[in-house]
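Here is the structure we will look at.
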Amino acid sequence: MPELPEVETLRRTLEAALRGRTIVDARVHRRDMVVAPGDPAGGWSRSGETRAPVRLTRAMMLSEGRVERVDRLGKRLAIVADDGRVIEIHLGMSGQVLVAARGRRLASGEHVHVRWRLDTGDRVVFRDPRRFGGIWTHENEDALRERSWSRVGPDALTIDARVLRLRAGDSARVIKAVLLDQRVLAGVGNIYADEALFGARISPRAVTADLEPATWRRLAGSIRGVLGRAIAARGTTLRDYRDARGEVGEGGTTLRVYGRGGLACGRCGGELFSETIAQRTTTWCPVCQPVSA
DNA sequence: CTTATGACCTGATAGC
DNA sequence: TGCTATCAGGTCATAA
């Protein structure tokens, strides 16, 4: 579910709960939601592989580790221990990381795949009904970079026009597809791609190679603005998204096109269009967002 | 190499 | 009430 603003909100609330705490125990209820170093395939590809996964140790799950900080790149989180061990988390579409204070019940115990216990008695769980998310264990931060973070583009929250244009290159794809490509830019998903294109007055159908320098500047600025405002609203909760405390985000009230197909454009009053582009439902204003601009 | 497509999952909702 | 069809915020392997 989560795009960059939701993951950043989770990062902040999770770091507040974990920093300086020692993990005393970890339990993995679904082994196939965790990828350890040396596992076959080593990613989302959990099907079609016959080799058995390696044995998960307590150390891999950060047992006895003291949490130094929680990092983020795009939609990926990393819980970093002070001895360098890392647990990387991707929420997929429906993932959540929830912290339950000692003695308090979790809002929902269903679909919990991993649980940790802290020295304070607080508990942390990773739950993900749809199981599109996952957890990757890394022996150190170099391994995190090498195996994962070097494979995605720069973080969308601070993207500048020159870098964006360089990485998107002269692609023949439509701009909507390029914004969703995490190797180009890390953190933008379907909601904020549409919102950023509306803000920059660019059609989602515009061919990437055709964009002018001034258009790239508007786009980069719009991406940063849309994501920054969404973080200020503590993320957008359409249905499932919660931060580490179980709180929803209020960003849904600020959406100008996402989910508003058939309604009036807030800028020109015309009707917002909705159609599948790049395999995702896409909403835009054909008047305010011309193909060539 | 680049680009497009189907597949992976569960749950909520709309329509009959 | 209960059934079926459709859709959902992401990413990957595979095919063209």
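The chains referred to below are lettered A, B, ... by the order of the sequence lines, with proteins before strands, and numbering in each begins at 1. Atoms considered below: every heavy atom in the structure, side chains included; atoms not considered: hydrogens, waters and symmetry mates. Computed from a predicted model, the values in this text were never measured in an experiment.
Per the geometry, CG belonging to L180(A) stands 14 Å off P belonging to dT3(B), to the nearest Å. Here dG10(C) presents its P atom at 12 Å from CG of L179(A), a figure rounded to the nearest Å. Taking atom CG on D181(A) and atom P on dT11(C), their separation rounds to 10 Å, with Å as the unit. Here the C1' atom of nucleotide dG10(C) and the CG atom of N190(A) are 10 Å apart, to the nearest Å. Between the P atom of dC9(B) and the CZ atom of R127(A) lies a distance of 18 Å, rounded to the nearest Å. Look at CG on D128(A): it is 11 Å from P on dT10(B), rounded to the nearest Å. Atom CZ in R239(A) sits about 10 Å away from atom P in dA8(C), given to the nearest Å.
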Checklist entry - Under the side chain to side chain contact (heavy atoms under 4.5 Å, CB included) criterion, do N190(A) and Y258(A) qualify, and how do the steps go? => result CA-CA 8 Å; N190(A) 201 40; Y258(A) 180 85; 4.0 Å; yes
Next on the checklist: Run the salt bridge (charged side-chain N to carboxylate O under 4.0 Å, His left out) test on E139(A) and R147(A) for me, step by step, so that the C-alpha distance in whole Å, both residues' side-chain angles and the decisive distance to 0.1 Å come before the verdict.
Outcome noted: CA-CA 11 Å; E139(A) 47 275 84; R147(A) 281 159 51 201; 3.3 Å; yes
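A donor-acceptor contact under 3.5 Å is not formed by the side chain of R131(A) with the base of dC9(B).
Every side-chain contact (heavy atoms from CB on, under 4.5 Å) that A78(A) has, sequence neighbours left out, goes to D71(A), V80(A), V86(A), L144(A), W149(A).
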Please tabulate, for the side chains in residues 272-280 of chain A, all donor-acceptor contacts under 3.5 angstrom to protein atoms that are two or more places apart in sequence or on a different chain.
from    : atom 1 : to      : atom 2 : distance (Å)
S274(A) : OG     : T283(A) : OG1    : 2.9
E275(A) : OE1    : R205(A) : NH2    : 3.1
E275(A) : OE2    : R205(A) : NH2    : 2.5

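In DNA chain B, consecutive stretches of 3 or more Watson-Crick or G-U wobble pairs with both distances under 3.5 Å are given as paired ranges: B:2-8 with C:10-16, B:10-16 with C:2-8.
For the 3.5 Å distance criterion, the side chains of R229(A) and T254(A) fail to qualify, holding no donor opposite an acceptor.
Contacts classified as ring pair (Phe, Tyr, Trp, His ring centres under 6.0 Å) and involving residues 151-200 of chain A (residues at least two apart or in different chains) are not found. Sorted by first and then second residue, the pairs that involve residues 67-123 of chain A and meet ring pair (Phe, Tyr, Trp, His ring centres under 6.0 Å), not counting sequence neighbours, are W44(A)-H90(A).
Around atom CZ of R27(A), no more than 12 heavy atoms belonging to other residues, nucleotides or ligands sit under 6.0 Å away.
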Below 3.5 Å between N/O atoms, which protein atoms pair up with nucleotides 4-6 of chain B? Just atom names and distances, please.
from   : atom 1 : to      : atom 2 : distance (Å)
dT5(B) : OP2    : Q279(A) : OE1    : 3.0

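Among the nucleotides dC9(B), dG9(C), dG11(B), the one closest to any side-chain atom of R130(A) is dC9(B).
Residue contacts for Y192(A): at a heavy-atom cut-off of 4.0 Å it reaches no nucleic acid atom on any strand shown.
You cannot call F132(A) stacked on the base of dT11(C); the centres under 5.5 Å and planes under 30° rule is not satisfied.
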